[in-house]
**Student:** 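Below you will find the structure I want to go over with you.
If you're wondering where the values come from, they're calculated on a predicted model, not measured in any experiment. No hydrogens, no waters, no symmetry mates; every other heavy atom, side chains included, goes into these values. Quick note on labels: first sequence line is chain A, next is B, and so on, each numbered from 1.
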Amino acid sequence: MRKMLLAALSRVLQGPAAARTGAVSEVAQVVVASRTYADFASEATFEIKKCDLHRLEEGPPVTAVLTREEGLHYYKTMQTIRRMELKADQLYKQKIIRGFCHLYDGQEACCVGLEAAINPTDHLITAYRAHGYTFTRGTPVREILAELTGRKGGCAKGKGGSMHMYAKNFYGGNGIVGAQVPLGAGIALACKYFGKDEICVTLYGDGAANQGQVFETYNMAALWKLPCIFICENNRYGMGTSVERAAASTDYYKRGDYIPGLRVDGMDLLCVREATKFAAEHCRSGKGPILMELQTYRYHGHSMSDPGISYRTREEIQEVRSKSDPITLLKDRMVNNNLASVEELKEIDVEVRKEIEEAAQFATTDPEPPLEELSSHIYCNEPPFEVRGPNQWIRYKSAC
Amino acid sequence: GPPTPATMAAMGLRRAAVAALEGGLLGRVPAPSAVAARRHAAHFTFQPDPAPSAHGQTQKMNLFQSITSALDNALAKDPTAVIFGEDVAFGGVFRCTVGLRDKYGKDRVFNTPLCEQGIVGFGIGVAVTGATAIAEIQFADYIFPAFDQIVNEAAKYRYRSGDLFNCGSLTIRAPWGCVGHGALYHSQSPEAFFAHCPGIKVQLIFLDLLACIRVETLCFLEQVPVEPYYIPLSQAEVLQEGSDVTMVAWGTQVHVIKEVATMAQEKLGVSCEIIDLKTILPWDTETVCKSVVKTGRLLISHEAPLTGGFAAEISSTVQEECFLNLEAPISRVCGYDTPFPHIFEPFYIPDKWKCYDALRQMINY
Ligand SMILES: Cc1ncc(C[n+]2csc(CCOP(=O)(O)OP(=O)(O)O)c2C)c(N)n1
Ligand SMILES: [Mg+2]
């Protein structure tokens, strides 16, 4: 729905293109009539940073075409994620969201760029820093925020919280660092087995990259030529430990050894998109797994209780914000190349803010799940059974 | 010589832990609104123990400080002792190693990468050479990647080598138990998994109560003795004597049953004996059974789920030893047989009302 609306909106905004498709409603014509968007370029080509390659003759292209429609869509998506995270931060400070909460702001270009290069039918699995992916995989903001506040309408029925969010073809949302990586290979095997031309994108952090099971998985995936893109989101820190302190080699894209790898500018969504297209093509053509390191940065601390400045300087954060912010980068490109105007991007901002406010309203008023949920979903394929309670007199009937 | 199995010392923690989490690596703690404060109030009231008199002068500390102090003493007294774990060089998530790197150097207090299996295996290697290895696992919930190393390597090293090697000088510290909003992976009480493994010692302690670092090493009470001193493992402590019901717990749950004992006395005129078991493996059967012989009733409470929890082991042993003394079936008040829930924590935990209810039913049996 969201995507449809957006597509409709951008068609409207596009004017001439919309006229070509002939899909302009009366309302839209009114809107078009009141603005002069016909002057915008419909696309532009950008030079993007060359990826570092490991065991690859050729890499992704060093230019990328961005259409106005795509640009507006990416902009809105990234902005929505940014605003959603800032809202989560606010709700956390108000003690409406509790417990462990890991925010994704700063890293938006990774999930948006990735999603732009794979199909909705492809599969994706990540760790606990999952809000962005939950959104790009199609979950409305209100369900994400409601999951954070532990409400019934949350995307995991309020039972998962920040670390555990899921959607169609999105396997979460995993709390144990590194544990999702072998699962990704399993999902990739299923893709291969069913022969559906699907792939699995398996994400993990720079900290997680040091877990043993990651290396076990590289081996299995390469041995069985699984269609798996391993992606290390290198945001330079695993909790308070910088990559240099934790890793003998910080060339994460080479750490698959016999698995080809790419090092990608993860702050530029076009780089991420082009690299992911390249990697997906590699997997789909039956060449087996490929590894991508996305160099990115998290603005927030590790979790809500970490101010994020005891192990890195404020200047460092400021430097990234001012020089490589993924949203600013896209915005500047669009504005400077006549793909959009500052005013219309501002309008999108306003619209996004409104959506987030509405979502937050839902997330704070939706009821908590009923108590019976405590004992539902423990076993699958089981008729309801008595869950043993705290003593011999308290039992609970499992619902399903 | 004395047996030197590896020890797993774990520390219990709760609200203070969250405060530390928020104030440690982590900094600001926003002021809670009144509503939030009410809704999320701790389910127990902390009652300090009287200051110990046997070990000279004492100093007041919280659990984290007392652990730091214990570790400090270990490093000072034992030149082979090293401490390692995720972020420990900066003090660790729970601030238990604050200042130790600066005091003892970065070759003795150091960060490891994020790799629990590696951390514990590495620790075993350090320990078999005779050095003292103190490993920190950030949360007990993250100890499972290291489960194999603990259960298959550490626990069996001495036995399988006919005493040519042992890793008795290995201590693994991991904070455990529900912390308030910890949800599925920052709340678990995994003691029973380890209790099934001969060769390791499992010690459980609670904030402000007792901090223990390893077999026959250093322990501190809330009023912490200024000088290092030792208290033996596998020795339960009778915190309050009573005649009608024996209540056994460890970690935070000790504070819950203390409150229940007060309620039982006030409302029912029932006199409770309170035992802090402290060590899960090997556990102090004698103290518990002696108490049950006297009272004829036993209530055991832990946060971990009921089925297969350590209360089952105690219950079974006590009915063998004290069958003719029992006036009522032994009662276990534990967590539900569910994963540790995200938002149902207040409902999940075996709070004083659940314990009190069970106690009343035992009295009326
Ligand atoms: C097995 C395990 N060990 C430790 C933790 C605690 N922990 C949670 S996130 C984290 C850091 C992970 O860093 P990284 O993989 O770089 O991901 P990022 O947080 O930067 O996204 C740690 C140590 C955990 N969740 N699971
Ligand atoms: Mg990281």
**Student:** Using non-hydrogen atoms only, which part of A:Glu373 is less than 4.5 Å away from chain B: side chain, backbone, both, or neither?
**Tutor:**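 For A:Glu373, backbone and side chain are both near chain B.
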**Student:** Please work out whether the ring planes of B:Phe139 and A:Phe100 are parallel, tilted or perpendicular, with thresholds of 30° and 60°.
**Tutor:** perpendicular
**Student:** Is the backbone N or O of A:Gly150 less than 3.5 Å from a side-chain atom of B:His342, with the two atoms forming a donor-acceptor pair by type?
**Tutor:**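 No: the side chain of B:His342 does not pair with the backbone of A:Gly150.
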**Student:** Looking just at side-chain N and O atoms, do B:Glu116 and A:Gln211 make a donor-acceptor pair shorter than 3.5 Å?
**Tutor:**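 Yes, because at least one side-chain N or O of B:Glu116 sits under 3.5 Å from a partner of the opposite role on A:Gln211.
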**Student:** What are the two closest non-hydrogen atoms of B:Pro339 and A:Ile378, and how far apart are they?
**Tutor:** CD-CG1, 4.2 Å
**Student:** Pick whichever of B:Thr307, B:Asp141, B:Asp357 has the most heavy-atom pairs under 4.5 Å with chain A.
**Tutor:**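 Option with the greatest count: B:Thr307.
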**Student:** Looking only at heavy atoms, what is the nearest atom pair of A:Leu374 and B:Phe344, with distance?
**Tutor:** N-CE1, 3.6 Å
**Student:** Considering non-hydrogen atoms only, spot the tightest contact between B:Lys354 and A:Pro390 and give its length.
**Tutor:** CD-CG, 3.5 Å
**Student:** Please classify the contact between A:Leu371 and chain B as side chain, backbone, both or neither, with a heavy-atom cut-off of under 4.5 Å.
**Tutor:** both
**Student:** Go through B:His186 and A:Met163 one step at a time and tell me if the side-chain contact (heavy atoms from CB on, under 4.5 Å) criterion holds.
**Tutor:** CA-CA 11 Å; B:His186 298 90; A:Met163 307 207 295; 3.9 Å; yes
**Student:** To the nearest 0.5 Å, tell me how far B:Thr338 OG1 sits from A:Lys159 NZ.
**Tutor:** 8.5 Å
**Student:** Test side-chain contact (heavy atoms from CB on, under 4.5 Å) on A:Arg245 and B:Phe110 and set out the steps.
**Tutor:** CA-CA 10 Å; A:Arg245 287 209 190 93; B:Phe110 50 91; over 6 Å; no
**Student:** Heavy atoms only: give me the nearest A:Met239-B:Asp87 pair and the separation to one decimal.
**Tutor:**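 Between these two residues, the closest heavy atoms are CB-OD2, 3.7 Å.
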**Student:** At a heavy-atom separation under 4.5 Å, does B:Ile300 approach chain A through its side chain, its backbone, both, or neither?
**Tutor:** neither
**Student:** What part of B:Glu86 is in contact with chain A, defined as an atom under 4.5 angstrom from a non-hydrogen atom: side chain, backbone, both or neither?
**Tutor:** neither
**Student:** Heavy-atom pairs under 4.5 Å with chain B are the metric here; pick the option from A:Ala179, A:Ala209, A:Ser162, A:Pro369 that has the most.
**Tutor:**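 Of A:Ala179, A:Ala209, A:Ser162, A:Pro369, A:Pro369 has the most heavy-atom pairs under 4.5 Å with chain B.
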**Student:** Measuring from A:His164:NE2 to B:Leu184:CG, what's the distance to the nearest 0.5 Å?
**Tutor:** 5.0 Å
**Student:** Is A:Ala208 in contact with chain B via its backbone, its side chain, both, or neither, using a 4.5 Å heavy-atom distance?
**Tutor:** backbone
**Student:** Could you state the interatomic distance from CD1 (A:Ile176) to OH (B:Tyr185), rounded to the nearest 0.5 Å?
**Tutor:**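 If we round to the nearest 0.5 Å, A:Ile176:CD1 and B:Tyr185:OH are 6.0 Å apart.
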**Student:** Need one label for B:Ala358: side chain, backbone, both or neither, based on atoms under 4.5 Å from any heavy atom in chain A.
**Tutor:**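 Interface part for B:Ala358: both.
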